[in-house]
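All ligand and atom numbering here is 1-based and tracks the order in the structure. For reference, positions follow the sequence shown, starting with 1.
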Amino acid sequence: MAPRPHWLFGDQLGPHFLAPRHGGPDDRAPVIMIEARSVLRRRRFHRAKAHLILSAMRHRAAELGDRVTYLRTETYAEGLEQVRGRRDPAPLTVRHPTSRRALDFVSARENVEVLPPKGFLVAQEDFAEWTARNKGQGKGAGAGALRLEGFYRWVRERHDLLMDGDDPAGGRWNLDHDNREPPPRGQDTLDVRGPWRPTEDEIDDEVRRDLDRWERDGEVSFVGRDGPRRFPATRREARSALRHFVAHRLAGFGRHEDAMLAADPVMSHSLLSVPLNLGLLDPAECVELAEQAYRSGDAPLNSVEGFVRQIAGWREYVWHLYWHFGEEYRHRNALRHTAPLPDWFLDLDADAVTANCLSTVLAQVRDTGWTHHIPRLMVLGSRALQDGWDPEAVTDWFHRCFVDGYDWVMLPNVVGMSQYADGGMMTTKPYTSGGAYINRMSDLCAPCAYRPTHRTGDEACPYTTGYWSFLHRHRTRLSTNHRTARAVKGLDRLKDLRELLDLTAERGDAPP
Ligand code: FAD
Ligand code: SF4
């Protein structure tokens, strides 16, 4: 009997998604890929993201050659109908998609078998078992919530990652303390080899011509600047990027992981979220290669543990929380924030912004569709939180503007981590700060027109005023949280609070 065709989504592009030994389709199964234009028409994506995803899909189709039927249609439904017929549709297999919407779509089709998910270390049933055992162990605010640290240690033990027998390598589970250093003084870049970058080919050119044409015809509209491509689009490129990172950059990953430098946006970060989320790399190979570097003495433990924590801890945790929290999670708005996103932010208009940190980071997003986790959390997300922007609109903005943004990774990171819209299901406190934190962790404040310590007057830092205004607005809720109660008490010591609140109101939603 001829094997059933297999439908491959655009974030399932690595060979492991097709391997029969990983619960995949028959290795003779014909493959179907669908480029649905309606996805791009629906929302205003970053152009570099649209380019990257189409380039990666078309590169994969070229590799699969005669085995693949590559369809360019308006919708997925139309594409499926073309290959399976309308009545009594032919059977098909598909891997568990990464978004709820896509899962509902495939589950509702007749004669479609959904194969187990791939691309993560922990199986869904194992996570369910872990949550059943660990719910309710938090303390104080957010008690009953799950916490990363326990999950991460459980993954390390279960997958024998960075373990010496029953103990964590080096005797400590958590080396965060060594990984929170400010940027090195007097340097505008880290002393580390630059990240791996690809060379474009004719497939990239073809995608760019298509995007130009669709934009010219008014079919789609994008934000941000596109090109040259900065991230892997094939398995071979993804492997090169991983090997380059581990050989040349992993050793310095830990120390300045949370620091920001204006002239060095990537610092020692891996840039591997893109190939991981496209399915071009498997998380297991990333953490295994990193561990090998530690065992052979090529990278110190703090860097390797920091990297393993990001991939085997945070990435896995976020994936499972997406499914665990359920569909209504995306609509959570515990702080009742309803302000619309201002146009300068929606348009990535960095030049309209005076605040040097925000202008610098917004320009990085405009030009590359990427910044590392601290600018995302403490500059972009913090601005939205302090100004009370609608969390659902903030989530949509991150999803559209970031090259590594997908529904599963956005919801916990933005709704939970960055906007505290879930009221503490994911984190014990809201993540936001005044200018002092940004000043300590970056070189962004020195050339800024504002002063991080000023709360009032023309030079008042919008992050400092925003921080106090936020605490004031949510005083009642935050005073009962043991992690924020002290900060709220600090409000009473501010003699200029009234003036500060007036200034915040006066500045309104004008670019800070
Ligand atoms: P590195 O610093 O080198 O870290 C290594 C890897 O760890 C990353 O490649 C990524 O795969 C993984 N990782 C680390 N933290 C997380 C996390 N919180 N969630 C998921 N994976 C994680 N990550 C995305 O992959 N896509 C997103 O759309 C995304 N949006 C974010 C939005 C906000 C507001 C915040 C605070 C974080 C977001 N993250 C997202 C997590 C993190 O910022 C990025 O994974 C990271 O910056 C990507 O760059 P990198 O590959 O150089 O990461
Ligand atoms: Fe940002 Fe304030 Fe520092 Fe300026 S002074 S860079 S606005 S934190």
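No more than 12 heavy atoms of other residues, nucleotides or ligands lie within 6.0 Å of CZ in Arg336, so this atom counts as exposed by the packing criterion. Atom CZ of Arg236 has 12 or fewer heavy atoms from other residues, nucleotides or ligands within 6.0 Å.
A side-chain donor-acceptor contact under 3.5 Å links Ser55 and His59. Between His373 and Asp258, the side chains place a donor N or O and an acceptor N or O closer than 3.5 Å (distance only, hydrogens not considered). Between the side chains of Gln364 and Thr371, no donor N or O sits under 3.5 Å from an acceptor N or O.
Cation-pi geometry between Arg100 and Tyr322 is met: under 6.0 angstrom from the ring centre, within 45 degrees of the axis.
Judged by distance alone, the side chain of Glu291 and the main-chain N or O of Val287 form no donor-acceptor pair under 3.5 Å.
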Enumerate, atom names and distances included, each donor-acceptor pair closer than 3.5 Å involving a side-chain atom of residues 409-419, sequence neighbours excluded.
| unit_1 | atom_1 | unit_2 | atom_2 | d |
| --- | --- | --- | --- | --- |
| Asn413 | ND2 | Val409 | O | 2.9 |
| Gln419 | OE1 | Leu385 | N | 3.4 |
| Gln419 | NE2 | Gly381 | O | 2.9 |

Show me, pair by pair, the donor-acceptor contacts under 3.5 angstrom made by side chains of residues 494-503, not counting sequence neighbours?
| unit_1 | atom_1 | unit_2 | atom_2 | d |
| --- | --- | --- | --- | --- |
| Asp496 | OD1 | Arg455 | NE | 3.1 |
| Asp496 | OD2 | Arg455 | NE | 3.2 |
| Asp496 | OD2 | Arg455 | NH2 | 3.3 |

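Listed by chain and residue number, the protein N/O/S atoms under 2.8 Å of atom 4 (Fe) of ligand 2 are Cys448 SG, with waters left out.
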List ligand 1's nitrogen or oxygen atoms that come under 3.5 Å of a protein nitrogen or oxygen, with the partner atom and distance.
| unit_1 | atom_1 | unit_2 | atom_2 | d |
| --- | --- | --- | --- | --- |
| ligand 1 | 2 (O) | His269 | ND1 | 2.7 |
| ligand 1 | 3 (O) | Ser270 | N | 2.8 |
| ligand 1 | 3 (O) | Ser270 | OG | 2.7 |
| ligand 1 | 9 (O) | Ser273 | N | 2.9 |
| ligand 1 | 15 (N) | Gln310 | OE1 | 3.1 |
| ligand 1 | 18 (N) | Asn413 | OD1 | 2.9 |
| ligand 1 | 19 (N) | Asn413 | ND2 | 3.0 |
| ligand 1 | 25 (O) | Asn277 | ND2 | 2.9 |
| ligand 1 | 26 (N) | Asp404 | O | 2.9 |
| ligand 1 | 26 (N) | Asp404 | OD1 | 3.4 |
| ligand 1 | 28 (O) | Asp404 | O | 3.4 |
| ligand 1 | 28 (O) | Asp404 | OD1 | 3.4 |
| ligand 1 | 30 (N) | Arg376 | NH1 | 3.3 |
| ligand 1 | 47 (O) | His373 | N | 3.4 |
| ligand 1 | 49 (O) | Trp370 | NE1 | 3.1 |
| ligand 1 | 51 (O) | Ser270 | OG | 3.4 |
| ligand 1 | 51 (O) | Leu271 | N | 3.4 |
| ligand 1 | 51 (O) | Leu272 | N | 3.0 |
| ligand 1 | 51 (O) | Ser273 | N | 2.9 |
| ligand 1 | 51 (O) | Ser273 | OG | 3.4 |
| ligand 1 | 52 (O) | Ser270 | N | 3.2 |
| ligand 1 | 52 (O) | Leu271 | N | 2.7 |

